[in-house]
Structures are given as structure tokens and as C-alpha cells.
Number of protein chains: 2
Amino acid sequence: MSAEPSRPTMIDVAKRAGVGLGTVSRVVNGGAGVRAETASRVHAAIEALGFQRNEVARALRPGKKSASLALVIGDLTNPFYATIAKASLEVAAQSGFAVVLGSVDEDPEGEKRAIRELVGRQVAGLMIVPDQGDHSFLAGAGVPVVFLDRPAHGIEADIVMVDNEGGGRLATEHLLGQGHQRIAILLAPSYYTTGRRLRGYRRAHRTAGLTVDESLVVQLPEGTTEAAEKATGELMDRPSPPTAIFASTNFVAEGVLRALRLVADQPAVVGFDDFRMADMLPTPVTVVASDTEELGRTAATLLLGRAAGTNTRPPQRIILPCALIPRGSGERPPFS
Amino acid sequence: MSAEPSRPTMIDVAKRAGVGLGTVSRVVNGGAGVRAETASRVHAAIEALGFQRNEVARALRPGKKSASLALVIGDLTNPFYATIAKASLEVAAQSGFAVVLGSVDEDPEGEKRAIRELVGRQVAGLMIVPDQGDHSFLAGAGVPVVFLDRPAHGIEADIVMVDNEGGGRLATEHLLGQGHQRIAILLAPSYYTTGRRLRGYRRAHRTAGLTVDESLVVQLPEGTTEAAEKATGELMDRPSPPTAIFASTNFVAEGVLRALRLVADQPAVVGFDDFRMADMLPTPVTVVASDTEELGRTAATLLLGRAAGTNTRPPQRIILPCALIPRGSGERPPFS
DNA sequence: CCCCGTGCCCGAAACGTTTCCAAAGCAAAC
DNA sequence: GTTTGCTTTGGAAACGTTTCGGGCACGGGG
């Protein structure tokens, strides 16, 4: 057993450079108020010892939060979430912040535990894509919070999201404009976003003077491609199938497209959120999409402002617009 | 300006429960050697105050690393990396570890800085998808390291990677088996993995008694779809274009497919690494792939073992196998 | 009655940094 | 020569936890 070669501390550096502890600290933090000659001696000692500041000890001082942001987010395999993670990571990195990923169980209880954990780590701020359930326990945590993609209950905080209702309306209006009358909507059980998209769907119908056939509003048991595939198959097997489908999610859209490979009369399809290869499929997929990177960037920027105390405005609600990207699948006319 | 409602500490809890500081600590850490009655009083106080252990202070004690792993990885938007992140995150979470994402600049210098940062945060271990360049500076850090996907220079450490050469051979043999003689290989400039895949390509040729036409070995300036698309276009415009293309990366494969939309004589295509929708494209894409989740899981498990001191074996090199998934694009016969 | 375990609990020390106060050096002004 | 003020430096306190050496109370054995 060799003795653990414990990393050198500022004290070691101070001894070696023949200066006081405080001086080393000052040099490490930018070196204001230190003679150049002294500073260079300290730097030499740091170099020689391979000293590396212990961020943990640094963060212990009151007021100094650790320079990290927490990100509590769903399945990174979903390009929507991955894009958010990437964008926020980039913004954070520019300010010298690291990003801590919380464990991402699906149940609200796991989410709560993960968040507690993160708060205990003294992160400077939290970015959360909230599950359903109450988030009031965050109120007293003394950490700024920004919610992404959907609001949370029980707490006033910044939130950055997409114009779900507008997007839903856009998609539906587009399909109605092609002459479709029987438009199905497949909803992943994601509660809030899904609800708003449905609302847009309804509003588009109302505006057009149509009533929606409730049997075409399909609530999926899961947000997976498999569930969507199955539901789509059943939908198209009905006596009078829909002539168009609005898929409320990128995974749902994928499932829909899979199911449709076996179908003779191809309905029009519009998805929500863009995805890779959407334009490469046999008939390119029309989607309603927003700038997901912008969403992540905005949230991170906002949070950094809060964490730094620069931004003291009341909680903001930022809503990013959606645009329709016609590619083919949404422009198919109604069959029969 | 309301006074910052600083979070309660163990001292506050101790006062409120009418016990000593040490007792609170024991209760919080499992409560061995504390009378049940006392423990419940402490728990009540914790509940009442909303106490949350300060992990930073905890990690300050010598030996105690913070319960977090660092992950230094490329673009999360790349499903390959996203999958690794997800899998390792899950494993870490099971052991109560969080995952810190390092800033992911592309240049080696940025990577080095990011790693230093992470080491300073007292993470319990590092998972790194290494850039080229020397990583010997990690040797003295006193933190266990696991490299993913490619080895690093200047340091002995565990590494988990894919059988790149075998995969390259598999892909090439498959194409040769279809009667292709002019097989192009498009290489993203990722140095190591790319080099091994090329080696597999060469070996397959040699085994088949063929010499490779060096003009068909295309080194891309970038690993982007755009670069691959451009190169593919040029490739197919040659007087005698290849009848098959081996794309060394998922992004490269995408670029190839984009370019091929405009081409009359469709070459066979095999990609490296699977990707979403590969089976949904007009002609489904044949790929060589390995279990990326397994890669992430293995690395995380290995690292946790090192961090806990459970695993003291000499550094391991784990190589995951690749399998060919025929879907259509790789089974196209040579044209003309 | 004394001694010694055995549980349970207390509180000080230590971890490595930042920050604050004071001291020291020095130059300029008187 | 003294004062004043500024720059540079040293060192102690504080951050919130874990850990460790005791202390106290109680009970049983001698």
C-alpha cells in the first residue's frame, strides 16, 4: 500500500513560494494587488507542484456556490432532450460552469429525490424539465430554478417553453387547409404539452366551424414509438379511418410512420418537433417545430443571470414560436 | 432586500433537537449507535427545518470524494454519445452518483482545461472520450479514469471500446461478398477509430486477394454530414465511381445518403454505428453496430468499482463486438 | 463498595479555501 | 523627522461536515 499521494494544497504552494497563504489565494484568483515578481514566484510553485485548486473547499465558503448548474431532464436519447442538454451545456461552459445531470427516473418521487440531491450539492441553479406533481418543495431551497418545456406547480419561477397551442393549431390548420376532415391526433401522456397541443387542435377545428370527432383523439398509454405504432395500426383498421394524423411528439411520429408502412391509403402526417432524417424518408415528413437549441440556450442564460444576481426581475415566462415545415407528408390530399 | 434565508445546518438541527452535533451526523448517516428515541427527535427536527445535508462540506473531509462521476464527451446531439451518456448516467444513479458533464470544446486544449476543472471538483472518477493528444497530465491526479471509445496516450487506464477493426472488416467483407470490387471508404477525421476501421477495410481486401484503390480511400476534412455529402457527390461524379460505399460514422452515412438521392446508379452502402430511422429510409440502411448502451454501462460500472476501491486489477481493455445488420442498402449488387 | 464494561452522547479538531483585518514597507508631503 | 496614505503581504477566522477521543450513566461481577 503506497501512501495516497494527496494533492498539494495552497499551503504547500505558499511554503514553496515562501509567501503567505492569502497571497497564493489572490494569485490564483486573478492576482490583483500582488507584485508581479511575487506572483510569478507563486506561479512557479504552482507549476512545480501541479497544484489544482480544490473547488469543493472553495464552494464551502458562504455565498460561493459551486460553479455548476444542475440539469434534470428526461431520456437523453430523445433528440429533443439531447439538444437542450447540448445547448445549455455550451452556454454554461462559456461562463465556466459545469452541468450536473440528475438521475432521471421517471416517477415524480425519483425526480424529487434527485433534485434534493442536487440542491445538497450546492449547485448554483437548477434547470428542470418538470414531471407532473408538486414542486413547491423547491421554494425554500434558496436556489434559482428555471423550468423548461413545461411549467411546474407550487412555485413561481422562470419558465421557457414552446408555443404548444400555437403549434397544435398550426399543424391542424395546415391539414384542414388540404381538405382533411377526419384528422386524428395521437397524444403522448405528457400531460401539459400534450394538453396544449390538443387545445390548439380543437381551436383550429372550432375556427373552421367543425366539431372534432372525439374518437379521433387518441390518448396513448405511453409516449413510445411502439405505443404509437400500435395505436396507428388500430386507427387505420377502423371502418372509416382518418385521412390525416397529427403526431404530438417526435417519437409518436416515428411510430405512426412505422405503422403506415403497411397501410394502403396513406393519410397525411404532421409531427411535432423536428427530427433527424425527417426529410430523407420515402415521403419527407412535415413537422411543426421550434428552435430547441434556443430553448436550451435561453434557459441556461436566464439561470446564469439569476445565479449571478444580475437578473432580479419577477419570474418570466418565455414562449418560443413554432413554425410549420412542409415537406410532403402533410400535403397529401385526403384519400377516397 | 430580504435576508437570504440560508439553509439550516446540522448545528441548527442539533440545537432544535437538543442533542449534540455528532449525534445528528450519526443519525443522518444511518443512525448506528443512537437510541431510537433520540434518533426520532433528530428526524423530527430535520423535517421541521427542512434540513438538507451540505454535500460540499461533506466532500471536504479527506478521503471523501464527492459522489459524482465526470463525463467528458463530444456532441450530445450525436446519438452515439447521447446513448453513452444515458447509459452511464443510469448506472451512476443506481449507486447514488451524479454525473457532471464537462465543457466539450473540440480542441485538445479545451478538453484539458475541462478535465482539470473536473478534477478540481473532486469527482470520484472520470469517464473520457479522449481527443487526440497527450493525457499524461492525468496520471498524477489521483482519480481513477476510464476511457471510452478510444484509447489515450501517456497514461495507463481502463478503456472500453468497440471492435473497430473487426467492424470495418465485417462491413467490407459483406460488400465484397456481394461482388463489389470498387468499394469507397469515407473516413471522418477521428483519428483512432477511423484508423482501425480503415485497417479492417484493408485487411478484408487483402484476405480476398484484392489490392485497394487508394483513390477510394477518402479522408474527410470534417466528420459532418455536409462534408460527407459533398465528398460523396464528387466521388460519384468520377469517371468510374465506386459501386459501394462504406461510411465510417453515422453522420457520414447520413451525408452519403443525402448525396445519393441525386444519383442514378445507386451504390451499396454500409454504415458504422446504427441510427434511428435507418430501417425507415427508402432503402433501409445496412450497418455495422455494437451495443452502445453496453459500452456506457460497462465504463460506468468499471469506474465505480475503481472509485470504491473494489477493483484493483491492472488496467483493463474491454472490446465490445460489432455485428452486421443487413437491411437492404448493403445488399445492393454492383451496377453496370 | 469498588472496578470495569458497554451504550450512548458530546464537542473539538480537521478538511482547503476565501476573506478580512492588521502590519509592514515605502514614497510623498509636510 | 514625522505624518499620511497607498500597496503589498501575512495570518486567523469561518464555512458545515465527519471523526475521534473522551465522559457520563448504568449494571454486573468481584
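Naming convention: chains lettered A, B, ... in sequence-line order (proteins, then strands); numbering from 1 in each chain. Remember, predicted model here, so these are calculated numbers, not experimental data.
Within the 3.5 Å criterion, the main-chain N or O of P8(A) finds no donor-acceptor partner in the side chain of D12(A). Side chain of T9(A) to main chain of I11(A): a donor-acceptor pair is present (N/O by atom type, distance under 3.5 Å, no hydrogens or angles).
Between dT17(D), dT9(D), dT17(C), one nucleotide has an atom nearer to the side chain of R35(A) than all others, and that is dT9(D). Closest to the side chain of T23(B), from the set dG16(D), dC9(C), dT18(D), is dC9(C). Taking every side-chain heavy atom of F51(A) into account, dT17(C) is the closest of dT17(D), dT17(C), dC9(C).
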Interface polar pairs with nucleotides 24-26 of chain D, N/O, under 3.5 angstrom:
none

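Taking atom CD on Q122(B) and atom P on dT18(D), their separation rounds to 16 Å, with Å as the unit. Atom CZ of R7(B) is separated from atom P of dG16(D) by 10 Å (rounded to the nearest Å). Between E37(A) atom CD and dT7(D) atom C1' the separation is 15 Å, expressed in whole Å. Across the protein-nucleic acid pair, K15(B) atom NZ and dC10(C) atom P stand 14 Å apart, rounded to whole Å. For the pair M10(A) CE and dC15(D) C1', the interatomic distance rounds to 15 Å; values are reported in whole Å. Separating the CG atom of L60(A) from the C1' atom of dC15(D) is a distance of 4 Å, rounded to the nearest angstrom. Atom P of nucleotide dA14(D) and atom CG of N54(B) are separated by 18 Å, given to the nearest angstrom. I11(B) places its CD1 atom 13 Å from the C1' atom of dT18(D), with the value rounded to the nearest Å.
Counting only residues at least two apart or in different chains, salt bridge (Lys or Arg N to Asp or Glu O under 4.0 Å) contacts with residues 149-159 of chain B comprise D158(B)-R306(B). Residue pairs satisfying the salt bridge (Lys or Arg N to Asp or Glu O under 4.0 Å) criterion with at least one member in residues 23-52 of chain A, sequence neighbours excluded, are listed as follows: E37(A)-R41(A).
Between A57(B) and G20(B), the one whose closest nucleotide on DNA chain C sits nearer the 5' end is G20(B).
Among the atoms of the strands shown, only primed sugar atoms or phosphate atoms (P, OP1, OP2) are found under 4.0 Å from some heavy atom of V34(B). If you check every strand for non-hydrogen atoms under 4.0 Å, V19(A) touches sugar and phosphate atoms only.
Phosphate proximity of dT18(D) to R53(B): present, with a side-chain N or O under 4.0 Å from OP1 or OP2. In this model, the phosphate group of dT9(D) is approached by a side-chain N or O of T38(A) to a distance below 4.0 Å at OP1 or OP2.
The side-chain contact (heavy atoms from CB on, under 4.5 Å) test applied to A300(B) returns S88(B), V91(B), M127(B), not counting sequence neighbours. F147(B) meets the ring pair (Phe, Tyr, Trp, His ring centres under 6.0 Å) test with H135(B); sequence neighbours excluded.
Classification of R113(B) and E111(B) as a salt-bridged pair fails, no side-chain N sitting under 4.0 Å from a carboxylate O.
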*Nucleotide-resolved protein contact map, nucleotides 19-28 of chain C, B/S/- at heavy-atom distance under 4.0 Å*: BB--------
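In this structure, L148(A) CG and L126(A) CG are separated by 11.5 Å, a value rounded to the nearest 0.5 Å. Between atom CD of residue E294(B) and atom CD1 of residue I318(B) there is a gap of 9.0 Å, rounded to the nearest 0.5 Å. Put simply, NZ on K15(B) and CG on L49(B) are 11.0 Å apart, with the number rounded to the nearest 0.5 Å.
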